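Written below as structure tokens is the structure these notes are about.
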Amino acid sequence: MQFQPLGKRVLVERQEEATTTATGIIIPDNASKEKPQQGKVVAVSEKIAGKGIEVGDQVVFGKYTGTEVTVDDKKYLVLNLEDILGILK
């Protein structure tokens, strides 16, 4: 199944946070973790195609933005274009 965002929206797959620190300390699964605020753009709507954000871009978005959807047993986030704070390059 494919998901095509409508309006000025993008479909983002969240990046999971690292389970080890830079110094090699392993973070246990039961540690309180916040949801990541970065992700990879999987699909863009026709209204914003070719206007700065492309499929494959790594983006940063607000903490409490977007709507979670599940497509083919995988969780994604649908974001309005205004919810995206920037592109990581």
Side-chain angles (χ1 to χ4, degrees):
M1 179 186 310
Q2 287 188 327
F3 184 91
Q4 178 64 44
L6 299 175
K8 293 184 177 180
R9 294 185 180 90
V10 297
L11 183 67
V12 174
E13 182 178 359
R14 285 187 195 259
Q15 286 183 322
E16 293 302 318
E17 290 187 12
T19 57
T20 59
T21 64
T23 58
I25 297 173
I26 297 173
I27 301 169
D29 288 339
N30 61 357
S32 62
K33 294 182 185 177
E34 293 186 16
K35 291 185 178 182
Q37 292 176 256
Q38 296 180 28
K40 179 180 176 184
V41 176
V42 178
V44 296
S45 68
E46 292 179 7
K47 280 191 172 184
I48 61 171
K51 294 187 179 178
I53 294 183
E54 303 294 331
V55 173
D57 285 347
Q58 295 291 329
V59 294
V60 177
F61 45 87
K63 189 179 245 183
Y64 302 107
T65 58
T67 302
E68 283 193 1
V69 296
T70 303
V71 179
D72 294 335
D73 297 328
K74 217 169 180 188
K75 289 187 179 182
Y76 297 97
L77 194 62
V78 179
L79 296 170
N80 287 319
L81 183 59
E82 297 82 24
D83 294 336
I84 295 176
L85 304 175
I87 301 171
L88 296 172
K89 294 192 179 207

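Along the sequence shown, residues are numbered consecutively beginning with 1. Note that this is a predicted model, so its numbers are computed, not measured.
- V41 and I87 fall within a single hydrophobic cluster, where Ile, Leu, Val, Met, Phe, Trp and Tyr are joined by side-chain heavy atoms under 4.5 Å apart, directly or via other members.
- In this structure, Q15 CD and Q37 CD are separated by 12.0 Å, a value rounded to the nearest 0.5 Å.
- The nearest pair of heavy atoms linking V42 to V55 is O-CG1, 3.5 Å.
- Here the straight-line distance linking atom OG1 of T65 with atom CD1 of I84 works out to 8.5 Å at 0.5 Å rounding.
- Of all heavy-atom pairs between A43 and F3, the closest is CB-O, 3.8 Å.
- Other residues, nucleotides and ligands contribute more than 12 heavy atoms inside 6.0 Å of the CD atom of Q4.
- Through direct or relayed side-chain contacts under 4.5 Å between Ile, Leu, Val, Met, Phe, Trp and Tyr, Y64 connects to no other residue.
- For residues 76-89, the pairs satisfying side-chain hydrogen bond (donor to acceptor under 3.5 Å, both in side chains) are R9-N80, with sequence neighbours left out.
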Query - From CA spacing to verdict: side-chain contact (heavy atoms from CB on, under 4.5 Å), R14, K75 - result: CA-CA 8 Å; R14 285 187 195 259; K75 289 187 179 182; over 6 Å; no
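- The side-chain heavy atoms of L11 and V69, taken from C-beta on, include a pair separated by under 4.5 Å.
- When hydrophobic clusters are built by joining Ile, Leu, Val, Met, Phe, Trp and Tyr residues whose side-chain heavy atoms come closer than 4.5 Å, directly or via intermediates, L85 is grouped together with L88.
- Pairs of residues two or more places apart, or lying in two chains, never qualify as side-chain hydrogen bond (donor to acceptor under 3.5 Å, both in side chains) while including a residue from residues 39-49.
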